[in-house]
Novice: 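The structure follows.
Note that the structure is a prediction, hence the values are computed from the model and not measured. Sequence positions, counted from 1, serve as the residue numbers for this chain.
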Amino acid sequence: MNIVILGASALATAQRLKALYPQAVIHGLRGRADGAERHYDEFSDTLRALYRAGQPLVVLCAAGIVIRSLAALLAEKGAEPPVLALAEDGSAVVPLLGGLAGVNRLAREIAAHLGVTPAITTSGELRFGTCLLEPPAGYTLADLQQGKRFVSDLLGGETVRIEGQAPWLEAAQLPVDDAASRVIHITAQARPAQPDELLIHPRVAAALIERPGADLATRLQQALSDAKLAPQALAVLLADKAWMANADLHAAARELNLPLRFIHSTTELPPEHLVGDGLRLLLGEQPLDIERLGQRRGRLSVVGLGPGAAEHMTPAVRRALDEAQDLLGYDTYVKMAGPLRADQCVHPSDNREELQRAAHAFELAASGRRVVMISSGDPGVFAMAAAVMEALESPQNDAWHGVELEVLPGVSAALATAAKAGAPLGHDFCLISLSDNLKPWAVIEKRLQHAAIADLAMAFYNPISKSRPWQLGRALELLRQHREPQTLVVLGRDIGRPAEALRNLTLGELTPEMVDMRTLVIIGSSQTRRFPRADGGEWAYTPRWYPDL
């Protein structure tokens, strides 16, 4: 869910909603809503982008502003996500769009939480106390257009009878008559809806896949046809944990828009209904509780936060953090990943425990959890992605290979510092870590010499620490054998964080005492130059061209 506010006056209400929906994200106008989790610059464009993303949208402002912002996108009736307008003080809740996507249910939830009455205007819900076109979880409407005509008939005065188990309708105010010609029919049977019928399919079937393959979706559809079951009655695909990484299984689940769960045994599954081609259809008496059938495929996302500022974090990384159940990383980086929810498990550790941390992450993900491994900057630049790959190459547990693994990039410290300075890495460059914890110092010296001879701009990570106070001095000695004293140097300390500091100087002026472990050092090439900024300070850049020698 996305909660959008325009100013600080709506923040308190937005935070009350956040307590009801912990995974919601509060978006605020930059410069006017400092307490928001994300900031935007243009209200209407942001609203349209969030609407296209298809998630519920609660906007704390006048309903007319929301309507005008989204008007151009409203041609597809029935395809919209829930959209609600909410008074800044929480005194009014107005569902605007998404009647078939649960907007009235959301409005009632929010209104109850805020202690107000929702402005429900949908005729069917006002008359009958329920939305017949939006059955609860575990049930699916067979034909939306047929359903609209059916509800229209009831609003016109027709009575209705109910066949099958529909417990959610017991408290509804429907015009029930056992002799009615109109019927609400709840059945898993495959057949077209009759003109006087509202057909609802309970999701009571599961498919146990014994032989995946590229034709799996076709075989599933044939099995359902042979069993005379409606496709909407199929609730889940099941498979042995050995198939967890099978691409055909995941492709079929996506094609059929079905959840996929993996099982250890078949002892607690619904009864078998039909044996198909490489699969078995199972049929329960009630809609299936999918979360009790096996486990999800676990996911491990290795992410880079960027240099530190929230606006430099990619949307994909923020989404992975929001979806995570477990977060692992160096304590400082985990704290930078906020805001986090109270239900998320945090596993901070020392910065030197990379392989142990990677193993812990894989164990959590192999149990079906959504796990995020946090690095600052980019996870593939002197960070956790390589440690995760190293752990996976020789896993302690074969189940690790069944985990869905993704690496999400971030803005590296070198790129963040270079951007702040101008473009000192605008031509060929290299990144070198001066830490000799995992490689011999002789290798570092060799790389420094070759990079200097090649006239590459260089960015130094891990330039100095208490345990290696001399390496930066030795590196500068080597560089001065090949670079002139006037070679431009950029020092970036805590770029993207509150204590950010940037400094331009020359190789001749640079001393190790100017640098600490939180400093990124850029050594320019022979072509790197600087010039004054109009607002003070200097720009530094390396031209894209190189002179003929």
Novice: From Leu260 CG over to Leu238 CG, what is the distance, rounded to the nearest 0.5 angstrom?
Specialist: 8.0 Å
Novice: Going by side chain to side chain contact (heavy atoms under 4.5 Å, CB included), name the residues that satisfy it together with Asn462, two or more places apart in sequence or in a different chain.
Specialist: Ser433, Ser435, Arg468, Met517
Novice: Looking only at side-chain N and O atoms, does Ser69 offer a donor or acceptor that is under 3.5 Å from a partner on Arg48?
Specialist: no
Novice: Using side-chain hydrogen bond (donor to acceptor under 3.5 Å, both in side chains) as the criterion, list what pairs up with Glu354, not counting sequence neighbours.
Specialist: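 Result, side-chain hydrogen bond (donor to acceptor under 3.5 Å, both in side chains) vs Glu354: none returned.
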Novice: Can you see which heavy atom on Leu114 is nearest to which on Gly90, and at what distance?
Specialist: CD1-O, 3.7 Å
Novice: Mind jotting down which residue pairs meet the side chain to side chain donor-acceptor pair (under 3.5 Å) criterion with at least one end in residues 82-93? Sequence neighbours excluded, please.
Specialist: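 Every pair satisfying side chain to side chain donor-acceptor pair (under 3.5 Å) with a residue in residues 82-93: Ser9-Glu88, Asp89-Ser91.
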Novice: Could you check whether Arg280 pairs with Glu210 (Lys NZ or Arg NE/NH1/NH2 to Asp/Glu carboxylate O, under 4.0 Å)?
Specialist: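 The answer is yes: the pair qualifies as a salt bridge.
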Novice: Could Arg38 and Asp322 be called an ion pair, given the rule that one side-chain N must be under 4.0 Å from one carboxylate O?
Specialist: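 Yes, this pair counts.
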Novice: Taking all non-hydrogen atoms of both residues into account, name the closest pair between Ala107 and Pro118 and its distance.
Specialist: O-CB, 3.8 Å
Novice: Sort and list the pairs that fulfil side chain to side chain donor-acceptor pair (under 3.5 Å) and have at least one residue in residues 18-28, not counting sequence neighbours.
Specialist: Asn2-His27, Lys18-Glu37, Tyr21-Glu109
Novice: Which atom pair, heavy atoms only, marks the closest approach of Pro202 to Pro287?
Specialist: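 Looking at all heavy atoms of both residues, the shortest contact is CB-CG, 4.3 Å.
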Novice: Of all heavy-atom pairs between Leu229 and Leu281, which one has the smallest distance, and what is that distance?
Specialist: CD1-CD1, 4.4 Å
Novice: Determine the minimum heavy-atom distance between Ile263 and Leu208, stating which atoms define it.
Specialist: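 In this case the closest contact between Ile263 and Leu208 is CD1-CD1, 3.7 Å.
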Novice: Can you sort out the partners of Ala459 under side chain to side chain contact (heavy atoms under 4.5 Å, CB included), two or more places apart, ordered by chain and number?
Specialist: Ala414, Leu431, Leu520, Ile522
Novice: Name all residues meeting the side-chain hydrogen bond (donor to acceptor under 3.5 Å, both in side chains) criterion together with Arg30; count only those two or more places apart in sequence or in a different chain, and write none if there are none.
Specialist: Asp41
Novice: From Leu6 CG over to Ile65 CD1, what is the distance, rounded to the nearest 0.5 angstrom?
Specialist: 6.0 Å
Novice: Is there a donor-acceptor contact under 3.5 Å from the side chain of Ser412 to the main chain of Leu415?
Specialist: yes
Novice: Quick one: list whatever passes ring pair (Phe, Tyr, Trp, His ring centres under 6.0 Å) with Phe429, sequence neighbours left out.
Specialist: none
Novice: What pairs with His360 under side chain to side chain contact (heavy atoms under 4.5 Å, CB included), at least two apart in sequence or on another chain?
Specialist: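 For His360, the residues satisfying side chain to side chain contact (heavy atoms under 4.5 Å, CB included) (neighbours in sequence not counted) are Leu328, His347, Leu364.
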Novice: Using the test salt bridge (charged side-chain N to carboxylate O under 4.0 Å, His left out), find all partners of Glu291 that sit at least two apart in sequence or belong to another chain.
Specialist: Arg261, Arg296
Novice: Is the shortest side-chain N to carboxylate O distance from Asp343 to Arg341 below 4.0 Å?
Specialist: yes
Novice: Does the side chain of Asp326 come under 3.5 Å of the side chain of Gln344 through a donor N or O and an acceptor N or O?
Specialist: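 No.
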Novice: Suppose the criterion is ring pair (Phe, Tyr, Trp, His ring centres under 6.0 Å): which pairs have a residue in residues 365-389, not counting sequence neighbours?
Specialist: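 Counting only pairs at least two positions apart or across chains, the ring pair (Phe, Tyr, Trp, His ring centres under 6.0 Å) contacts touching residues 365-389 are Phe382-Tyr461.
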Novice: Please report the shortest heavy-atom distance between Ala391 and Ala358, naming the atom on each side.
Specialist: CB-CB, 3.9 Å
Novice: Under a 3.5 Å distance rule, please check whether Asp240 uses its side chain to pair with a backbone N or O of Trp243 as donor and acceptor.
Specialist: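 The answer is no, because no donor-acceptor pair under 3.5 Å joins these two groups.
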Novice: List for me each residue that meets side chain to side chain contact (heavy atoms under 4.5 Å, CB included) alongside Asp34, sequence neighbours excluded, and say none if there are none.
Specialist: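 In terms of side chain to side chain contact (heavy atoms under 4.5 Å, CB included), with neighbours along the sequence ignored, Asp34 is linked to no residue.
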Novice: Please, which pairs that meet ring pair (Phe, Tyr, Trp, His ring centres under 6.0 Å) have at least one residue in residues 283-313, sequence neighbours excluded?
Specialist: none
Novice: Between Arg203 (side chain) and Val236 (backbone), is there a donor-acceptor pair under 3.5 Å?
Specialist: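 Checked: no pair found.
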Novice: Could you check whether Asp215 and Thr218, counting side-chain N and O atoms only, form a donor-acceptor pair closer than 3.5 Å?
Specialist: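 Thr218 vs Asp215: no donor-acceptor pair found between side chains.
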